[in-house]
Peer 1: 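Dropping a structure here in structure tokens format, bear with me for questions.
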Amino acid sequence: MTVTHAPNGTGTDAGPATAVGPEALVERLRSQATRYHSEHDFHVRMNAGELSPEQIRGWVANRFCYQEAIPRKDAAILGNCPDREIRKRWIRRITDHDGTDTTEGGIEAWLRLGEACGVPRHEMEDGRHIVPGVRFAVDAYVTFARTRPWVEAVASSLTELFAPGLMAERLAAFEKHYTWIDQAGLDYFRNRLHQAPRDSEHALEIVKEHCRTVESQESAVAALAFKNDVLWSMMDAIDKAYPS
Ligand SMILES: O=C(O)c1cc(C(=O)O)c2c(n1)C(=O)C(=O)c1cc(C(=O)O)[nH]c1-2
């Protein structure tokens with residue numbers, strides 16, 4: 001059996017006995033890229049153009065569960081964060097996904113991606129395709145943000161440090177291999193290419209500022225490991241539900 005991913009737990013590495021400087025902390029967080037869901041076999045096959053329309057549709061419909069939960073996760077962080085300056089910037093994440101009266105958000109863009117792939121909007125909205133493992137993983141992420149200290153919840157969003165590379169690869173793969181998908185449906189990925197770096201930069205600033213003790217640094221690393229596990233579990237569940 002090939003093990004492609006070991007459980008993260010809290011200990012991706014032993015960790016130093018004393019607090020490290022902000023840049024060393026960033027290095028430690030970035031080193032978790034090897035456990036990002038871009039390495040999951042389902043994503044590897046997706047980007048190699050090997051997935052069937054059925055598998056792409058299954059992935060899109062299930063990922064909608066995650067997309068829908070992101071604003072609730074961010075609202076939980078806002079609810080727990082006592083810092084007005086941070087809230088003023090963080091709130092943007094909610095409108096990026098929900099939209100406003102005058103702008104369309106990421107959730108609408110994802111619904112259009114689904115339609116471009118052949119999943120009717122109402123089938124995404126009513127959740128009929130969501131498999132249990134995806135629902136549980138997404139729920140765990142929202143619960144984490146509600147119940148853990150807000151700085152840990154901010155650290156857990158740092159998988160977005162690794163997202164732009166995957167997004168760019170995915171965009172190119174969809175344009176090249178999945179020509180049956182209406183290209184206008186790919187706007188979601190195009191938007192995230194600039195939103196994700198902006199968001200992760202803010203989250204990194206917060207973590208560098210607030211995680212100066214060894215305990216808080218360990219917690220930040222553990223939060224990111226937890227989030228990598230959330231994303232990995234989703235991919236495992238999707239892979240199993242839509243086999244090749
Ligand atoms: O498609 C992806 O691979 C991917 C990954 C992630 C991520 O790394 O958490 C996010 C997104 N997409 C995404 O679209 C998104 O809006 C998003 C928000 C967050 C977050 O944790 O706050 N992650 C992600």
Side-chain angles (χ1 to χ4, degrees), residues 8 29-30 32-40 42-44 46-47 51 56 59-78 81 86 89-99 104-114 117 134 137-146 148 150-174 185-204 206-207 220 223-236 238-239:
N8 277 316
L29 292 164
R30 282 192 192 278
Q32 292 198 39
T34 53
R35 289 163 178 274
Y36 189 52
H37 67 171
S38 55
E39 304 305 308
H40 194 284
F42 195 88
H43 269 145
V44 173
M46 178 185 289
N47 291 342
L51 298 188
I56 295 282
W59 171 77
V60 166
N62 272 274
R63 265 292 302 265
F64 185 66
C65 182
Y66 183 73
Q67 304 309 134
E68 260 197 325
I70 294 291
R72 290 189 294 125
K73 178 275 291 185
D74 286 316
I77 292 177
L78 286 179
C81 173
I86 290 175
R89 282 176 73 183
W90 201 272
I91 200 165
R92 171 87 187 265
R93 293 173 178 243
I94 295 181
T95 47
D96 277 348
H97 284 272
D98 281 340
E104 184 190 283
I107 292 179
E108 177 58 29
W110 194 275
L111 285 166
R112 285 207 273 100
L113 168 68
C117 295
V134 168
V138 169
D139 191 49
Y141 187 32
V142 177
T143 300
F144 187 89
R146 283 203 182 114
R148 302 296 303 170
W150 68 275
V151 176
E152 285 182 34
V154 167
S156 74
S157 76
L158 282 172
T159 45
E160 285 205 276
L161 281 175
F162 317 133
L166 175 58
M167 289 288 175
E169 210 186 327
R170 188 184 293 153
L171 194 50
F174 271 57
L186 306 181
D187 281 350
Y188 183 84
F189 303 137
R190 296 192 182 101
N191 295 340
R192 290 309 295 174
L193 282 175
H194 65 86
Q195 288 173 351
R198 183 204 63 206
D199 288 351
S200 60
E201 200 177 305
H202 184 212
L204 259 191
I206 295 169
V207 169
L224 183 52
F226 159 79
K227 171 68 172 306
N228 263 335
D229 283 351
V230 165
L231 295 174
W232 197 273
S233 302
M234 287 173 62
M235 296 313 292
D236 274 350
I238 294 169
D239 196 12

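Counting starts at 1 for both ligands and their atoms, in listed order.
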Peer 1: Nearest protein heavy-atom contact for atom 5 (C) of ligand 1: which residue, which atom, what distance?
Peer 2: Tyr36 OH, 3.2 Å
Peer 1: Using a strict 4.0 Å threshold on nitrogen-to-oxygen distance, state whether Arg93 and Asp96 make a salt bridge.
Peer 2: no
Peer 1: Take atom CG in Leu193; do more than 12 heavy atoms of anything else shown fall under 6.0 Å from it?
Peer 2: yes
Peer 1: Tyr188 to ligand 1: N or O pair under 3.5 Å?
Peer 2: yes
Peer 1: If you take all heavy atoms of Glu152 and Ala223, which pair is closest and at what distance?
Peer 2: O-CB, 3.3 Å
Peer 1: What protein heavy atom sits nearest atom 18 (C) of ligand 1, and how far away is it?
Peer 2: Ile70 CD1, 3.6 Å
Peer 1: Identify, for atom 9 (O) of ligand 1, the protein heavy atom at the shortest distance, and state residue, atom and that distance.
Peer 2: Tyr66 OH, 2.7 Å
Peer 1: Please tell me if the side chains of Val60 and Trp110 come closer than 4.5 Å, counting only heavy atoms from C-beta onward.
Peer 2: yes
Peer 1: Report yes if some N/O of Asp74 lies less than 3.5 Å from some N/O of ligand 1; otherwise report no.
Peer 2: no
Peer 1: Less than 4.5 Å apart, any side-chain heavy atom of Val134 and any of Val138?
Peer 2: yes
Peer 1: Note the single closest protein heavy atom to atom 22 (O) of ligand 1, along with its residue, its atom name and the distance in Å.
Peer 2: Lys73 NZ, 2.6 Å
Peer 1: How close do Ser157 and Lys227 get, heavy atom to heavy atom, and via which atoms?
Peer 2: CA-NZ, 3.9 Å
Peer 1: Out of curiosity, is Phe189 lining ligand 1, as in a heavy atom under 4.0 Å away?
Peer 2: no
Peer 1: As an exercise, identify every atom of ligand 1 less than 4.0 angstrom from a heavy atom of Ser157.
Peer 2: 21 (O), 22 (O)
Peer 1: Under 3.5 Å, N or O to N or O, is His37 touching ligand 1 that way?
Peer 2: yes
Peer 1: What atoms in ligand 1 come closer than 4.0 Å to a heavy atom of Leu166?
Peer 2: 3 (O)
Peer 1: May I ask you to check whether Arg198 and Gln195 show a side-chain donor-acceptor distance below 3.5 Å?
Peer 2: no
Peer 1: How far is atom 7 (C) of ligand 1 from its nearest protein heavy atom, and which residue and atom is that?
Peer 2: Thr159 OG1, 3.3 Å
Peer 1: Would you check whether His43 reaches within less than 4.0 Å of ligand 1, judged by its heavy atoms?
Peer 2: no
Peer 1: Heavy atom to atom 2 (C) of ligand 1, shortest distance: which of Arg192, Met235, Arg63, Gln195 holds it?
Peer 2: Arg63
Peer 1: Do Asp199 and Arg192 meet the salt-bridge criterion of a basic N to acidic O distance under 4.0 Å?
Peer 2: yes
Peer 1: With respect to Tyr188, which candidate in Gln67, Arg112, Arg63 satisfies the side-chain hydrogen bond (donor to acceptor under 3.5 Å, both in side chains) definition?
Peer 2: Gln67
Peer 1: Just need the protein heavy atom nearest to atom 16 (O) of ligand 1, so name the residue and atom and give the distance.
Peer 2: His97 CE1, 2.9 Å
